[in-house]
Amino acid sequence: MAEEKSLNFIEEIIEADLANGKYASILTRFPPEPNGYLHIGHAKSICLNFGLAINYGGKTNLRFDDTNPVTEDTEYVDSIKEDIKWLGFTWANEFYASDYFEQLYQFAITLIKKGLAYVDDSSSEQIAAQKGTPTQPGIENEYRARTIEENLQLFADMRAGKYKDGEKVLRAKIDMASPNMHLRDPLLYRIKHAHHHRTGDAWCIYPMYDFAHGQSDSIENITHSICTLEFIPHRPLYDWCIEQLGIFPSHQYEFARLNLTYTVMSKRRLLQLVNEKYVSGWDDPRMPTISGMRRRGFTAWSIREFCDKIGVAKRENLIDVGLLEFCVREDLNKTALRRMVVLDPLKVVITNYPEGQTEIVTSENNPEDADGGTREIPFCRELYIEQEDFMEVPSKKYFRLAPGQMVRLKSAYIIKCESVVKDAAGTITEVHCVYLPESKSGDDTSGIHVKGTLHWVSALHAVHAEVRLYDRLFKVENLNAAEGDFKDYINPDSLTILPAAYAEPALKAAKFEERYQFLRKGYFAMDKESTPEKLVFNRTVTLRDNWAKAQK
RNA sequence: UGCCCAAUAGUAUAAUGGUAGUACAACAGAUUUUGGUUCUGUCUGUCUAAGUUCGAAUCUUGGUUGGGCAACCA
């Protein structure tokens with residue numbers, strides 16, 4: 001069977017480069033700035049960069065773009081490395097732009113000597129004003145005419161710490177009238193008397209992104225430098241620096257960043273959610289961060305699969321979060337252990353079952369996995385079922401429990417509702433049923449077929465657990481198109497804590513790395529706050545629910 | 001009143017001058033001791049106008065629409 005290979009535009013470029021001998025092998029890089037945690041948008045870039053290298057027999061470097069000491073921190077370095085590893089990727093080298101500071105400084109001197117860079121004493125306001133606007137050309141100032149010798153001396157003095165922050169900058173001398181704003185004498189170096197997370201106080205001048213990124217790519221011999229669309233206008237500058245410096249010609253290619261419905265994807269906004277306590281931290285299970293999703297119970301496979309399914313192109317996109325949910329369900333359906341947990345309990349008394357008697361029923365760990373084995377579940381006279389699985393006055397097509405109606409208790413017996421018990425307020429407190437002894441699972445001679453099967457937990461043996469349910473963090477699909485402050489759209493019901501759900505005893509042995517399907521309620525993972533005394537589970541995602549959908 | 005990028009179904013993404021396909025979503029049905037899973041089927045699309053061509057989603061030009069470009073951020 002001939003395989004259909006359809007390539008994205010970057011794969012096409014790489015195949016062409018490899019086919020015509022431009023490169024013998026490829027080298028990509030993932031270049032995060034260590035000033036925040038990685039999110040699902042970064043996962044797209046990670047899967048792309050590492051995936052390309054894997055598919056075409058190349059390598060990928062991890063390079064921290066740490067050129068702005070005031071916002072960067074080793075806490076972020078550590079989390080980024082952990083997230084990439086967890087996603088399942090291995091970098092060839094761990095590099096830092098700060099490793100290249102001396103080299104970059106020499107590159108700057110090269111430009112000065114070629115008359116292509118100058119020290120400017122203007123303030124940031126003056127520089128901005130002199131830049132003009134997209135529709136009006138900028139103007140050249142007096143510092144632009146400085147001699148090479150003077151620039152060399154001034155730049156050395158900048159490095160030596162003779163000036164205060166903002167007093168001077170080094171700029172490229174390109175074209176103040178360029179229709180591309182980035183070519184209007186862009187800043188190369190600025191003075192920052194700040195402590196750097198790796199170089200400490202060795203430097204008081206730091207290169208700007210445009211004078212660090214492309215050169216770092218070149219130093220590492222990166223063949224394909226892949227970034228997002230907003231860097232398209234930087235490409236002429238990227239190429240200009242490499243050409244003027246005469247160094248290895250890395251090439252930049254741009255793809256459209258990921259946008260997801262009902263969430264935000266900028267580090268600035270995510271940081272705000274953390275700092276202003278809208279969420280409990282970067283790894284809050286509602287966050288679209290890798291660490292948040294991991295805590296929520298997402299699997300690395302599901303994230304990789306998602307990134308594969310969304311594709312890579314140059315058009316702005318807004319991906320339905322439903323696709324992410326599909327991917328995680330697809331994985332968890334095959335791997336999650338089935339367990340029964342009643343989230344919103346209603347007591348059921350089996351009036352014809354002997355008091356004090358307990359029997360053990362067995363149930364498969366995973367019907368999708370023939371080798372998954374079984375577990376034992378205690379059954380007795382008093383049980384809990386979900387409130388929503390009983391209706392005193394059933395609606396049409398409701399085939400759960402109702403007076404006179406029969407249902408199967410999963411892996412146990414068929415029961416029939418005989419009566420209800422109510423308190424003074426008229427609220428149902430107990431449902432009384434009879435069971436059919438000949439209907440036991442695996443040994444059913446009753447000949448009765450019921451449409452509904454319910455999950456249940458023995459009241460005598462139930463284990464208490466806290467269950468945390470999550471909904472989307474925002475109420476609107478497209479936060480980028482929403483007017484005003486994005487925080488106005490936060491969903492107040494994004495977290496529901498059920499402090500006292502009833503779980504079957506097997507869950508006492510729950511493990512962090514295992515995933516569970518609480519029958520009919522969704523997929524769950526144990527939270528990091530869980531203890532043997534107090535189990536805590538996060539709902540990763542609900543099951544598909546055609547019944548609930550039909551009710552709307 | 002500049003420059004750059006993009007436009008295929010509800011959402012994404014293929015088709016690289018020759019049958020518009022796939023996934024998710026939606027809808028209908030079958031199976032089911034999870035209203036889950038699985039299976040089957042259905043619906044919906046080339047922004048627009050002109051041109052090139054035997055033939056255009058694809059090439060050209062104009063238009064329209066969306067996005068980006070001025071931080072001592074990356």
Side-chain angles (χ1 to χ4, degrees), chain A residues 4 6-8 12 31-33 35 65-68 70-72 120 122-124 127-129 131-138 165-171 178-184 187-192 205-206 208-210 212-213 227 229-236 254 256 261 267-268 309-320 322-327 329-330 333-334 338 340 363-364 367-368 397-400 407-412 414 439 441-442 444 449-455 477 480 517-522 542-551:
Chain A
E4 293 277 319
S6 98
L7 306 177
N8 65 48
E12 283 180 7
E33 184 190 11
N35 68 346
D65 233 332
D66 55 350
T67 56
N68 186 0
V70 299
T71 58
E72 295 155 7
D120 192 332
S122 309
S123 68
S124 61
I127 289 177
K131 269 213 169 143
T133 70
T135 54
Q136 288 173 308
D165 288 12
E167 232 179 296
K168 285 181 166 47
V169 291
L170 182 75
R171 300 176 71 177
S178 171
N180 182 340
M181 297 295 291
H182 295 276
L183 260 21
R184 318 242 269 225
L187 269 63
L188 268 23
Y189 269 89
R190 77 287 215 193
I191 299 169
K192 274 181 194 283
I205 57 171
Y206 292 93
M208 299 288 290
Y209 168 85
D210 286 307
H213 199 97
C227 61
L229 255 27
E230 67 268 28
F231 290 98
I232 289 176
H234 294 246
R235 190 179 347 121
E254 312 86 8
T261 55
K267 273 196 265 185
R268 198 193 97 252
K309 276 183 156 59
I310 58 178
V312 177
K314 300 189 75 159
R315 123 182 45 145
E316 300 281 342
N317 60 78
L318 179 61
I319 308 284
D320 188 340
L323 183 61
L324 222 201
E325 295 177 347
F326 170 83
C327 292
R329 285 188 188 114
E330 185 183 11
N333 175 53
K334 288 181 283 198
R338 311 293 129 123
M340 293 201 286
S363 193
E364 69 276 16
E368 305 297 315
K397 286 197 175 175
Y398 183 83
F399 46 80
R400 300 178 187 177
V407 294
R408 155 87 53 192
L409 294 177
K410 171 71 181 174
S411 297
I414 292 173
S439 67
S441 282
D444 185 354
H449 175 75
V450 295
K451 287 207 82 175
T453 299
L454 309 185
H455 63 282
E477 268 201 332
N480 291 327
Q517 184 197 105
F518 292 176
L519 239 58
R520 306 203 303 140
K521 300 312 296 183
T542 61
L543 258 27
R544 270 182 55 189
D545 190 347
N546 286 316
W547 170 247
K549 205 159 53 183
Q551 296 310 291

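In what follows, chains are A, B, ... by sequence order, proteins preceding strands, each numbered from 1.
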Query raised in the report: If we take the P atom in both B/A49 and B/U65, what is their distance in whole Å?
Result: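 15 Å, rounded to whole Å.
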Query - Side-chain N,O (A/R520) to OP1/OP2 (B/G35) below 4.0 Å - result: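 Checking A/R520 against B/G35: at least one side-chain N or O falls below 4.0 Å of OP1 or OP2.
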Query raised in the report: Within this structure, what is the CG-to-P distance between A/L454 and B/U32, rounded to whole angstrom?
Result: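 Taking atom P of B/U32 as the reference, CG of A/L454 is at 18 Å.
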Query - Pair of N/O donor and acceptor under 3.5 Å linking B/U33 base with A/S441 side chain - result: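 Present.
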Query raised in the report: Is there side-chain contact between A/M208 and A/T67, with heavy atoms separated by less than 4.5 Å?
Result: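 The answer is no; the side chains never approach within 4.5 Å.
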Considering only nitrogen or oxygen atoms on both sides, find all protein atoms under 3.5 Å from nucleotides 58-61 of chain B and state each distance.
none

Query raised in the report: C1' atom, B/A23 versus B/G18: distance in rounded Å?
Result: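 The answer is 26 Å between these two C1' atoms.
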Query raised in the report: Can you tell me how far C1' in B/A15 sits from the matching atom in B/U46, rounded to whole Å?
Result: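 B/A15 and B/U46 have their C1' atoms separated by 11 Å.
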Query - Heavy-atom protein contacts under 4.0 Å, nucleotides 65-74 of chain B, coded B base, S sugar-phosphate only, - none - result: --S-SB-BSB
Query - Span that lies between the C1' atom of B/U19 and that of B/U58, in whole angstrom - result: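 Comparing C1' positions in B/U58 and B/U19 gives a spacing of 15 Å.
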With 3.5 Å as the limit, what N/O pairs link the protein to nucleotides 26-31 of chain B?
unit_1 : atom_1 : unit_2 : atom_2 : d
B/A26  : OP1    : A/K549 : NZ     : 3.0

Requested in this report: Evaluate the salt bridge (Lys or Arg N to Asp or Glu O under 4.0 Å) criterion for residues A/K410 and A/E364: first the C-alpha distance (whole Å), next the side-chain angles of each, then the deciding distance (0.1 Å), finally the verdict.
Outcome: CA-CA 11 Å; A/K410 171 71 181 174; A/E364 69 276 16; 3.0 Å; yes
